[in-house]
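To start, the structure under review is shown below, and the notes come after it.
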Number of protein chains: 2
Amino acid sequence: MSAQPLARLAGLLADPTRAAICLALLDGRAWTASELAHHVGIVASTASEQLSRLVAGGLLVEERQGRHRYLRLAGPGTAALVEDLATFAATQPGSAATPAPAPRNLRESVRRSAEARARTCYDHLAGRLGVAVADSLLARGVVSDEAGLAVTVPGRAWLTTTVGVDVEALRHGRRPLVRSCLDWTERRPHLAGVLGAALCTHAMDAGWLRRVGTGRALRVTTGGAEALRDLFGITLDQGAD
Amino acid sequence: MSAQPLARLAGLLADPTRAAICLALLDGRAWTASELAHHVGIVASTASEQLSRLVAGGLLVEERQGRHRYLRLAGPGTAALVEDLATFAATQPGSAATPAPAPRNLRESVRRSAEARARTCYDHLAGRLGVAVADSLLARGVVSDEAGLAVTVPGRAWLTTTVGVDVEALRHGRRPLVRSCLDWTERRPHLAGVLGAALCTHAMDAGWLRRVGTGRALRVTTGGAEALRDLFGITLDQGAD
DNA sequence: GCGACGGTTCGGCGCCCGCCGAAGTGTCCC
DNA sequence: GGGACACTTCGGCGGGCGCCGAACCGTCGC
C-alpha cells in the first residue's frame, strides 16, 4: 500500500507556511529564499529549513548562484498538482470568507476584463484576461470541449498562421496540449497545458504583455491591447495593474 | 491568499493512517468504521476520531444505519484528487522499493492480462483489465487521445449500439466524459470519467464481472470472458483473483 | 582587507497531534 | 431485561514540528 508516500507528499503542503510558498511559486518563476521568507512572513532561518524540506520532497528545485538560492516549482506537473489542490480546497468546505462570484457569460466576462487584472498562473495566462482568452477561443471554435478540451482542426490552422503559435510543434512530450485550469480567484476555467504556456510565451515575446513588479501581475501594452482586440475580440483598457 | 485552506486539506492526507483510509476507500464503496480501523491497524477509538476529522474536512461523507457508521469518499472529484496525489507521490521521489514496470505495447499488455488481476478504482475499472480495456478502445479508435482523451464519432455509435452504453445520456453534469487515470500498480493509464464509470457499471450489471471479497478485486465470469473477447478482443483466463 | 549581506546551523521552546485504554452511549437480538 | 456489539468520549502519554534568536559560513563590493 502506498499510504506512506502519499502522506509524505501531503505533509509537505500541510503547513500554512509551506503552502503559501508553493502558491507564490505558482507564478512559475524562481524566487530567492529571502524573497519567499519575507513574502510569507517568517524569518530567514525558518525559511531555509522549510525550503530545504520542500526541495528534499521533490516539490521544489533549487539553483544556487553566488550568495543567492533560487527556488522554483519542480515542473509543470507539480504546478498542476498544487493548483488542483488549492482549487479543490477553495471550492470544498466552509473555507470562510470567500464571496464566490457566480459564473458569468462570455460577454460579461469580457466586459469585466476591461478593467481587468491579468496575471500568470505558473506558465500560462490566468486572471480575467486568461478567462477572457479561454472564452474567446471557445466561442470562436478554436478549441472545443466535447468530452475534454481539444484544439479543433480549423483552430489549429488559425493558431499557426494567424496568431503565430505552431501547434504541431507543441505536440511532443506527455504534457497535454490543452488543459482546463480553474482559477481560484475568478472561479472560471482558463487554458493551461502546452498551448496555454505557448500562448503566454508568445504574448510576452510579442510585447503584448509585460510583467509588473515581482509578482504574477501583468500589464497589457498598447500594442497588446490592439492584438488582443484584433485576434481574440477582447477589448480592455491597458494598465490597471 | 488561500494558503490556509490548502494546508488544511493537505493536512488531512498528511497522516499515514488517514492516507491509508482514503486509499482504501478508492474502491468507491462504503466501509464501516471498524472495517477501516482493522484495515489500517488502529484501535476503534482512534479510528473514530480520524474518521470524524476526514468527514469534517469534506473528504469523506458518512451515513449512519443503526449501530453502523458507513463511510465513503465524498465524490468522484475527491477520488480523483486522492488518486492524483497518490500517483504523483508514487512516481516522484525516492519512494523506495517500487520496481517500476516499464511501459508495454498493446499486444503485450493484453497478453499479460491473461493471467490478470482486475480491480476497481473508485468507480471504474483498473488493474490489468482496466489497462487492457483502455488499450483496446484506443487501438480500435473508439477513443482518441489527440490533445486529451475524447470519444470519437464512430466510437460513440459503437458504444451505444454494440456495447449498450448510452454515451449521449452520460454527457450531463460537469464531470468529464472520459479521463485518463494513472494506475499506480500498473503505471499505465486506464479510463476514468463518466464513461469509465458507466463501463464498469455495465460490466457488473451484465454479469461480466463480480466482486470478490470485500476489497477492490474483481473476478471475470465465464460470460464475461466471452463478452470481453468478442467486444474488446481481450482474452484472459477467468478467476485468477 | 573589511563590512554588508544572503543563507545556514544549532539549541531551545511551546504546541499540536496521533495513539491507546478505560469508561460511556446507543442499537440490535435473544 | 440482558448481553453482545459498534461506536464515541475522555484523559494522558510521547513524539514530532514550526518557530525564533544567536552564532556561523560564503559571497560580493568597496
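Because only heavy atoms are used, hydrogens play no part in the values below, and waters and symmetry mates are left out as well, while side chains stay in. So you know, we letter chains A, B, ... as the sequences are listed, proteins then strands, and number each from 1.
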When you match Ile42(A) and Gln65(A) each to their closest nucleotide on DNA chain D, which lands nearer the 5' end? Ile42(A)

Residue whose nearest DNA chain D nucleotide is more 5′ - Asp15(A) or Ala33(B): Ala33(B)

For the pair made of [atom1] in [X] and [atom2] in [N], what is the distance, rounded to whole Å?
X        : N       : atom1 : atom2 : result
Glu63(B) : dA6(D)  : CD    : P     : 19 Å
Leu54(A) : dG18(D) : CG    : C1'   : 13 Å
His68(B) : dA6(D)  : NE2   : C1'   : 7 Å
Glu62(B) : dA6(D)  : CD    : P     : 18 Å

Go through the N and O atoms of the side chain of Arg67(B) and the base of dC7(D), and report whether any donor-acceptor pair is under 3.5 Å.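 Not at all, since no donor on one side and acceptor on the other fall under 3.5 Å apart.
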
If you measure only the distance, is there a donor-acceptor pair under 3.5 Å linking the side chains of Ser52(B) and Arg69(B)?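 A pair is found: one side chain offers a donor N or O, the other an acceptor, under 3.5 Å apart.
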
Heavy-atom pair with the smallest gap, counting every atom of [X] and [Y]:
X         : Y         : value
Pro16(B)  : Ala7(A)   : N-CB, 3.6 Å
Leu6(B)   : Ala86(A)  : CG-CA, 4.1 Å
Val165(A) : Ala198(A) : CG1-CB, 3.9 Å
Ala74(B)  : Gly58(B)  : CB-O, 3.3 Å

Have a look at [X] and say if it touches a base, only the backbone sugar-phosphate, or nothing, with a 4.0 Å heavy-atom cut-off.
X        : value
Ser34(A) : sugar-phosphate
Thr32(A) : sugar-phosphate
Thr17(B) : sugar-phosphate

side-chain N/O Arg53(A) vs dC19(D) OP1/OP2, d < 4.0 Å: no

Bend angle of the helix from dG1(C)-dC30(D) to dC30(C)-dG1(D), from helix axes over five pairs at each end, nearest 10°: 30°

Approximate separation, where rounding is to 0.5 Å, of Arg219(A) CZ and Leu129(A) CG: 13.5 Å

Rounded to the nearest 0.5 Å, what separation is found between the OG atom of Ser34(A) and the NE2 atom of His38(A)? 10.0 Å

What's the closest nucleotide to the side chain of Glu49(B) if the choices are dG18(D), dC7(D), dC10(D)? dC10(D)

For the pair His202(B) (side chain) and Val163(B) (backbone), establish whether a donor and an acceptor sit closer than 3.5 Å, ignoring hydrogens and angles. yes

Is any side-chain heavy atom of Leu125(A) closer than 4.5 Å to a side-chain heavy atom of Leu209(A)?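 Yes, at least one pair of side-chain atoms sits under 4.5 Å.
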
Range on DNA chain C touched by chain A, heavy atoms, distance below 4.0 Å: dA4(C) to dC10(C)

